[in-house]
Amino acid sequence: MTQETIFAKIIRREAPADIVYQDDLVTAFRDIRPQAPVHILIVPNRAIPTANDVLPEDEPALGRLFTVAAKLAREAGIAESGYRLLVNCNRDGGQEVYHLHMHLVGGRRLGPMLVRPTE
Ligand code: DGP
């Protein structure tokens with residue numbers, strides 16, 4: 001069994017987080033290390049470790065990530081100016097927390113999509 005992450009505890013409200021949205025399928029909370037004025041993580045309530053582990057039965061929750069992202073972007077006032085939605089997978093993707101999550105990042109010009117790591 002995959003080890004539980006901090007995100008599972010946040011979803012169950014057993015760990016502190018600034019939760020901005022929650023329903024039966026997904027939870028959204030502010031990133032602890034924001035990279036932009038708006039940086040929210042939207043996560044399926046089921047602990048899917050990575051994009052490789054997505055099952056057909058996860059499709060409703062994964063679709064919900066997008067509808068919630070659009071709603072939160074509108075609420076944050078960045079829908080028209082624009083934003084970026086990101087899902088990192090495994091080491092080369094830069095995944096740090098192994099509970100699949102979508103980053104909603106915006107509120108400033110984000111620049112090119114990919115930068116080379118310095119190391
Ligand atoms: P990723 O590299 O895609 O796995 O992004 C993980 C993000 O999760 C990273 O931007 C920092 C954020 N993060 C890590 N631990 C916590 C936490 O305990 N609380 C919150 N709110 N965010 C966290």
Side-chain angles (χ1 to χ4, degrees):
M1 192 180 128
T2 312
Q3 212 179 346
E4 187 170 270
T5 73
I6 185 68
F7 290 180
K9 292 190 174 67
I10 289 172
I11 291 163
R12 295 199 303 266
R13 297 179 184 251
E14 293 169 7
D18 186 358
I19 293 178
V20 295
Y21 180 88
Q22 187 165 46
D23 64 24
D24 57 323
L25 292 177
V26 305
T27 301
F29 50 91
R30 294 192 192 283
D31 195 291
I32 207 168
R33 292 196 309 272
Q35 305 296 311
V38 177
H39 190 167
I40 295 170
L41 303 174
I42 313 164
V43 314
N45 293 340
R46 185 175 99 75
I48 307 165
T50 79
N52 293 328
D53 304 301
V54 163
L55 300 173
E57 71 207 41
D58 295 316
E59 288 172 7
L62 299 180
R64 186 73 58 83
L65 296 182
F66 276 89
T67 51
V68 170
K71 166 187 152 60
L72 294 175
R74 277 194 301 275
E75 288 175 2
I78 60 170
E80 299 311 318
S81 54
Y83 54 90
R84 188 167 290 158
L85 301 175
L86 284 166
V87 178
N88 295 322
C89 181
N90 277 341
R91 184 196 57 225
D92 281 1
Q95 185 171 5
E96 177 192 327
V97 179
Y98 282 77
H99 182 135
L100 188 146
H101 48 281
M102 174 185 278
H103 295 253
L104 163 61
V105 187
R108 67 170 173 81
R109 291 294 287 273
L110 295 170
M113 188 171 73
L114 298 175
V115 291
R116 287 189 178 280
T118 46
E119 75 272 14

Heavy atoms of Glu96 and Tyr98 approach each other most closely as O-CD1, 3.8 Å
Mind checking salt bridge (charged side-chain N to carboxylate O under 4.0 Å, His left out) for Arg12 and listing every partner two or more places apart, or none if nothing turns up?
Glu4, Glu14
Leu104 reachable from Phe66 in the ILVMFWY side-chain graph, under 4.5 Å edges:
yes
Applying side chain to side chain contact (heavy atoms under 4.5 Å, CB included) to Leu25 and Val68, what does each step give before you reach the verdict?
CA-CA 11 Å; Leu25 292 177; Val68 170; over 6 Å; no
CG-CD1 distance between Leu100 and Ile42, expressed to the nearest 0.5 angstrom:
11.5 Å
For residues 3-22, which residue pairs pass the ring-ring contact (aromatic ring centres under 6.0 Å, His included) check, not counting sequence neighbours?
Phe7-Phe29, Phe7-His101
Indicate if Val43 and Ile40 have the same hydrophobic cluster label, given that clusters are the connected sets of ILVMFWY residues with side-chain heavy-atom separations under 4.5 angstrom.
no
Distance-minimising heavy-atom pair for Pro44 and Ala61
CB-CB, 4.3 Å
Going by salt bridge (charged side-chain N to carboxylate O under 4.0 Å, His left out), name the residues that satisfy it together with Arg116, two or more places apart in sequence or in a different chain.
none
If hydrophobic clusters are built from ILVMFWY residues whose side chains come within less than 4.5 Å, do Met102 and Val38 share one?
yes
For the student: nearest non-hydrogen atoms of Pro37 and Arg108, plus distance:
CD-CG, 3.9 Å
Using modelled atom types only, decide if a donor and an acceptor are shared between the side chain of Gln35 and the backbone of Arg33 within a distance under 3.5 Å.
yes
With sequence neighbours excluded, what pairs up with Arg30 under the side chain to side chain donor-acceptor pair (under 3.5 Å) test?
Asp18
Run the side-chain contact (heavy atoms from CB on, under 4.5 Å) test against Asn52 and tell me which residues pass, sequence neighbours left out.
Thr50, Cys89, Asn90
Those residues at least two apart in sequence (or on a different chain) that pass ring-ring contact (aromatic ring centres under 6.0 Å, His included) with His39 are His103
Show me the side-chain donor-acceptor pairs of residues 74-87 shorter than 3.5 Å, one per line, residues at least two apart or across chains.
residue, atom, partner, partner atom, Å
Glu75, OE2, Lys71, NZ, 2.7
Ser81, OG, Ile78, O, 3.3
Arg84, NH2, Gly111, O, 2.8

Are Ile10 and Val97 co-members of a hydrophobic cluster defined by side-chain heavy atoms under 4.5 Å apart?
yes
Set of residues satisfying side chain to side chain donor-acceptor pair (under 3.5 Å) with respect to Asn45, sequence neighbours excluded
Thr27
Same apolar cluster (I L V M F W Y, side chains within < 4.5 Å links), Ile32/Ile19:
no
Applying salt bridge (charged side-chain N to carboxylate O under 4.0 Å, His left out), name anything that partners Glu59, two or more places apart in sequence or on another chain.
none
Any residue meeting salt bridge (charged side-chain N to carboxylate O under 4.0 Å, His left out) with Asp53, in chain and number order, not counting sequence neighbours
none
Could you work out, with side chain to side chain donor-acceptor pair (under 3.5 Å) as the rule, every residue matching Arg46, not counting sequence neighbours?
Asp58
Tell me the closest heavy-atom pair linking Gln22 and Ile11, and the distance in Å.
NE2-O, 2.9 Å
Contacts of type side chain to side chain donor-acceptor pair (under 3.5 Å), residue Asp24, not counting sequence neighbours:
Arg64
